[in-house]
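Below you'll find the structure, written out as C-alpha cells, and then a few comments.
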Amino acid sequence: MKNSFYVTTPIYYANGTPHIGHAFTTYLADTLARYHRHFGKQVRFTTGTDEHGQKVQEVAQQNNRTPLEQADLISQRFRDAWVELAIGPDDFIRTTEERHKKVVNNLVKKLMDQGDIYKGIYKGWYLIEEEDFYPESRVHEVSDDPENDPRLQRVEEENYFFKLSSYTEKLKAHYEQEPDFVLPRNRRNEMLSFLEQGLDDISISRAKVSWGIPVPGDEGQVIYVWIEALMNYLTSAGIYQSEEQFSHYWPAQVQIVGKDILKFHAIYWPALLLALDLPLPKTILAHGWILSGGEKMSKSKGNTQDPLTLCERFGSDALRYTLIREVSLGQDGNFDQDILANRYNVELANDLGNLFSRTLGFARKRGESELKYTRQSVKDLPVDELYQKLGDCLREYKEQMDSFQLSRAQEALVKALQTLNQFVDASKPWQLAKENQECFLSFTHLMANCLYTMAQAFHPFLPQSCDKIFRTLGTQPKETGYSIELSQLKDSIQLGETPTLFPKIKLETSKSSEKQPSKKKNKQKSITIEDFEKVKMELVTILEASSHPDAEKLLVLQVSTSQGKRQVVSGISKYYELGDLPGKQVVLVKNLEEVEIRGVKSQGMILAASNKKELSLVTVDSKIQEGSRVS
Ligand code: MSP
C-alpha cells in the first residue's frame, strides 16, 4: 500500500478576505494531514489562491489595482491567516505562478492535440460570482429574470469546448466501481443523478476576458478559470516538474471541497483526468455549509464571521476543534461565538482541562514530582475495565478518522474523557492522597498514561494544548509513530509544570458583547468623579518583559509597584521589542480584578494610546518617583 497521503483544499478566490468557511475547509485538511503524519504517512497538504478570471479582474478594477496587485495582496492575506490559525500547508500554490502556467499549457495542449477540445459558439449566460456558465436551459436555476439580474452577463462568443459528453459512461462506471469516490453518500447520489441526465460539452475558454492563461496557440482567448484552477492539484503534486514526486503523491487520497463546488470536482475534474489518462483521486469529500444564525453567511446580511477575531479570543485549538465538531460530514452546521464558548467550556475546559488539573495538577500542587507505578497498589481499582472502555473509544476514533468522519471521531474522544472522569470520581484521589501514598502515585501515573494517549489522539485537533500535556509529562512523541495503544510511559515518570489548559470563558461576556449593538456601546453614560476615583492608577517601572507562551500578540511584564512586584499580561508585542521595555515608567491600573489570560496570571493593566495602526505606552513627561499615584 502507498505510504503517501495527499490532501487538498480548494484554492480560494483572490477577491476577498479569508472567512470562517475558508478556515473550516482548511482546518479539515490540516487536521487530516496531522493525523496521517502522526501515523507515519508521508503527507502533502496543499492549499492556495485562485487568481485568474473575471471576478478577480473586476475587483482589481474597482480598487484601482492591476489584477496581479490584487492577487498579491489577497494571496498574502490568506498565507498570513493560515499562520495565525496554526494551519501549516506543505505547499501554498498561486495560479499566477510560472510553474502552474507551464503545467496548464502542457495539459491543455495535450487535450487539444488528441482531439478532446474543439472550437464552437457559446451562447448563454455567465454568472460572475460563481465563475460559471449557465446556458439558457439552466439559467432559471439562478434567476427568474436574467435580463435584469446584475449578477448575470449575456455571452455569445467563439470558445473552445471540451468533449465532456463523451466521458459520461466512463464516469458512471468509475462511480460504480469506487463507492467512496464521492463522500458522503447523499452527495454521491446527487452527482450520479446529474450524470444520469447526460452531460453536455463545456466551454473551456473566454474570449472577452484578458486576465488568465492564454489558450495554447491562440493568444486571443484565455483558459476558463475553473479548468485551470482544477489543474493546480496536479501542479502542486509535481506533474511535469518531478516525475518521482508526482508518482509518489498522485492520485490524491482526499480532495476536500464545499458542497457548492462539487460539480466541478466530481464531474468536470475526473472527466479531465480521464481524458488526460491520469488516475482519479481516491475520494472527493464534500462538506456542508457553516451557517450563522441558521442562515448562509453573506456580506449583505452582515452575518459573516472573522476567524482571526475568534482565534484571538479563544485560541486556534478551540476554534479548530469547535468548527470541526459543529459541522458533521454531509450536514450544515450552525456556528457563532456562543456555540464556540459553550463547546469550549464543556468539552475542552471541563472534560479535558479539568481531567488534567484534577489528576496531574492535583499531584503537582501536593508537591509530587515523581510518579511511580506498581500494579499491586491499584489492584482494587477497576483498571482492566477502564482500559477496555478506553480501547473501544480509541478504536472508534480511528475508524471514524479513517472514514473522514472527524466530528464523530471527536465524539468518541469526548466519551473516553467522560469515562476517565468517572474513573477519577470513583477512585477519589483526594482520599488516596491522604490515606495511601503509594496507591495515589500509582493512580496518578495511570492517569498520566491515559492522558498521554488521549493527547496523541487529540493532537490533530488540539496541537498546541496537547503539546502542553506532553511537556508536563516530559515526553515529546516523535513527529511520526504516534500510537493509540495504552501503557507507553515508563514505570517512573517526572511530573513537570501543569498549566491551565483551557481557562474558563464567561458565557455572559461573549453574549453581551455580541448582542450589544455597536451604537449603544459608544453611547456610554457619563461617570461621576467618584466613579473615576474607583480606578486606582500608579506609576510603575517595567522590570522584565517576556513573550507569552501561548499568544503571539501578548507580552508578560514584571513591574515594580509601591507594594512589590506584579505581573501584567499586555497586548503590545507587535509594537515593542522585549529589550526596549525594562526601565520604562508606565501607568498601571492596579485595582482591576486578577485574571488569567490564556493560562498566564495578569494583575492589572498597563495603559497605552492606540489606534488601528499604532500603539504607544502611556508614560510620564519627566522621571518621577516610582509608586506615585496617577489621577
Ligand atoms: N476558487 C474556487 C475553488 C477552486 S478549486 C479548484 C472557489 N473559491 S471560494 O473562495 O469561493 O470558496 C472556496 C471554498 O470555501 C469552497 O469549498 C466553499 O464551499 C467554501 N466555503 C465558502 N463559504 C462557506 C461556508 N459558509 N461554509 C463552509 N464552506 C464554505 O470556490
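For reference, positions follow the sequence shown, starting with 1. Order of appearance sets the numbers: ligands from 1, and atoms from 1 within every ligand. All values derive from a computational prediction rather than experimental measurement.
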Side chain or backbone, does [X] bring an N or O within less than 3.5 Å of an N or O on ligand 1?
X: Ile11; value: yes
X: Lys55; value: no
X: Tyr13; value: yes

I need the atoms of ligand 1 closer than 4.0 Å to a non-hydrogen atom of [X], numbered in the order shown.
X: His287; answer: 28 (C), 29 (N)
X: Ala229; answer: 6 (C)
X: Trp289; answer: 22 (C), 23 (N), 24 (C), 25 (C), 26 (N), 27 (N), 28 (C), 30 (C)
X: Ile290; answer: 25 (C), 26 (N), 27 (N), 28 (C)
X: Gly258; answer: 17 (O), 19 (O)
X: Met297; answer: 26 (N)
X: His19; answer: 22 (C), 23 (N), 24 (C)
X: Gly288; answer: 28 (C)

Region of [X] that comes within reach of ligand 1 [heavy atoms, distance under 4.0 Å]:
X: Glu131; value: neither
X: Ile261; value: side chain
X: Trp226; value: side chain

Is any NZ, NE, NH1 or NH2 atom of the basic residue among Glu157 and Arg206 found under 4.0 Å from an Asp or Glu carboxylate oxygen of the other?
-> yes
Taking atom types as modelled, find out whether Gln42 and Arg37 have a side-chain donor-acceptor pair closer than 3.5 angstrom.
-> no
